[in-house]
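Note that ligands are numbered from 1 as they come in the structure, with each ligand's atoms numbered from 1 the same way.
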Amino acid sequence: MSPRVCVRGVTVRFGGLIAVNDVGFEAAAGEIIGLIGPNGAGKTTLFSTLVGLVRPAAGSISLDGARIEGRKPHVIARAGMTKTFQNTALFPGMSLLDNVMTAAVVREDLKSARRTAEACLERVGLRKAALANVADLTFPQKALAELARALAVKPRVLLLDEVMAALTPAEMDEVMATMRSLRDEDGMTLLVVEHHMRAIMRLCERILVLNFGRLIADGPPSCVSADPDVIRAYLGQDHAHHA
Ligand SMILES: Nc1ncnc2c1ncn2[C@@H]1O[C@H](COP(=O)(O)OP(=O)(O)OP(=O)(O)O)[C@@H](O)[C@H]1O
Ligand SMILES: [Mg+2]
């Protein structure tokens, strides 16, 4: 069986800058994988490339065996992979429900999109805020709304870019429980970018580390957090102790 996601030799250039440099990894169905690394390492760019927002200069990306690199975002979303936005990209002036529906219509007609959107809001605990204007949502609610919007395309692979950044520890626990249920009940594959190391170490059974666009480690949290290269590049002594 082919892996759910297969990335080989992916390189992304912005002019003279190599933001992602010859990155390769595989992800199986039902894996929760962390993607960490310092600011500017290329995490968001790699996610954007996976979902078709950025075109790679080289390399291949497969989803359940089908090549998708360079395809349009809505094509890749329909094929089953989508991402959240690091700084939420909700449409201002629209209700939360309408925002989530705009994602669901990628796959469905309006009527079933509404049901999907309601179910996704329920899933992230925002059902009561469905008719609120997104401008009136709190920071954590916006993060959950971003998650609901990604879920509305019913992905098999979900890429989460710092959705927990604005959350309190208790809210983080709730979001992590939701992430685990997406894996356990829906068999989803999750790739999770977070700077919050304790959360990543608890949530993920495997961690990828990017540094200056290169993948410098790929393994279980215990190995990655003890890796001298990773400690030097990102974690530092402090993080290694608390991880
Ligand atoms: N659209 C763009 N045009 C030009 N350069 C870009 C673009 N997007 C990202 N970059 C550059 O590519 C590199 C990787 O950026 P990226 O946003 O992927 O990093 P990141 O790992 O997500 O960082 P952070 O942890 O701060 O979110 C950085 O040097 C950044 O300045
Ligand atoms: Mg980023």
So, E69 side chain and I61 main chain: donor-acceptor pair closer than 3.5 Å or not?
->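 Side chain of E69 to backbone of I61: a pair is present.
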What is the nearest protein non-hydrogen atom to [atom], stated with its residue, atom name and distance?
atom: atom 14 (C) of ligand 1; result: G40 O, 3.3 Å
atom: atom 25 (O) of ligand 1; result: K43 NZ, 2.7 Å
atom: atom 27 (O) of ligand 1; result: Q86 NE2, 2.9 Å
atom: atom 17 (O) of ligand 1; result: T44 CB, 3.8 Å

Residue portion contacting ligand 1 (non-hydrogen atoms closer than 4.0 Å) for L17 = side chain
Should you measure from each heavy atom of [X], which atoms of ligand 1 turn up under 4.0 Å away?
X: N39; result: 23 (O), 24 (P), 25 (O), 26 (O)
X: E162; result: 25 (O), 27 (O)
X: T45; result: 9 (C), 14 (C), 15 (O), 16 (P), 18 (O)
X: H195; result: 25 (O)

Is there a nitrogen or oxygen of F14 sitting under 3.5 Å from a nitrogen or oxygen of ligand 1?
-> no
N/O of A19 under 3.5 Å from N/O of ligand 1, yes or no?
->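 N/O-N/O distance under 3.5 Å: no.
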Is it true that G37 lies under 4.0 Å from ligand 1, counting heavy atoms only?
-> no
Any protein heavy atom < 4.0 Å from atom 31 (O) of ligand 1 =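 Under 4.0 Å from atom 31 (O) of ligand 1, zero protein heavy atoms found.
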Tell me whether T45 has at least one N, O or S atom under 2.8 Å from the Mg ion (ligand 2).
->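 So T45 does not bind the Mg ion (ligand 2) by this criterion.
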May I ask you to check whether over 12 heavy atoms, not counting those of R123, lie within 6.0 Å of atom CZ?
->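 For R123, atom CZ is crowded (more than 12 foreign heavy atoms under 6.0 Å).
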Check whether more than 12 heavy atoms from other residues, nucleotides or ligands sit under 6.0 Å from atom CZ of R180, and answer yes or no.
->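 Yes, the 6.0 Å shell around CZ holds more than 12 heavy atoms from other groups.
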Would T116 and R107 count as a side-chain contact (heavy atoms from CB on, under 4.5 Å) if you check the C-alpha gap in whole Å, the side-chain angles of each, and the deciding distance to 0.1 Å?
-> CA-CA 10 Å; T116 297; R107 266 194 194 272; over 6 Å; no
Linking I/L/V/M/F/W/Y whenever their side-chain heavy atoms sit closer than 4.5 Å, directly or via other members, would L35 and L158 fall into one cluster?
->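 L35 and L158: separate clusters.
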Under a side-chain separation threshold of 4.5 Å, the hydrophobic residues clustered together with V153 are V106
Residues D229 and R214 bridged, charged N to O under 4.0 Å | no
P38 and A233 have their tightest heavy-atom pair at CG-O, 3.8 Å
Between the side chains of S181 and D184, does any donor sit under 3.5 Å from an acceptor?
->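 Looking only at side-chain atoms, D184 and S181 do not form any donor-acceptor pair under 3.5 Å.
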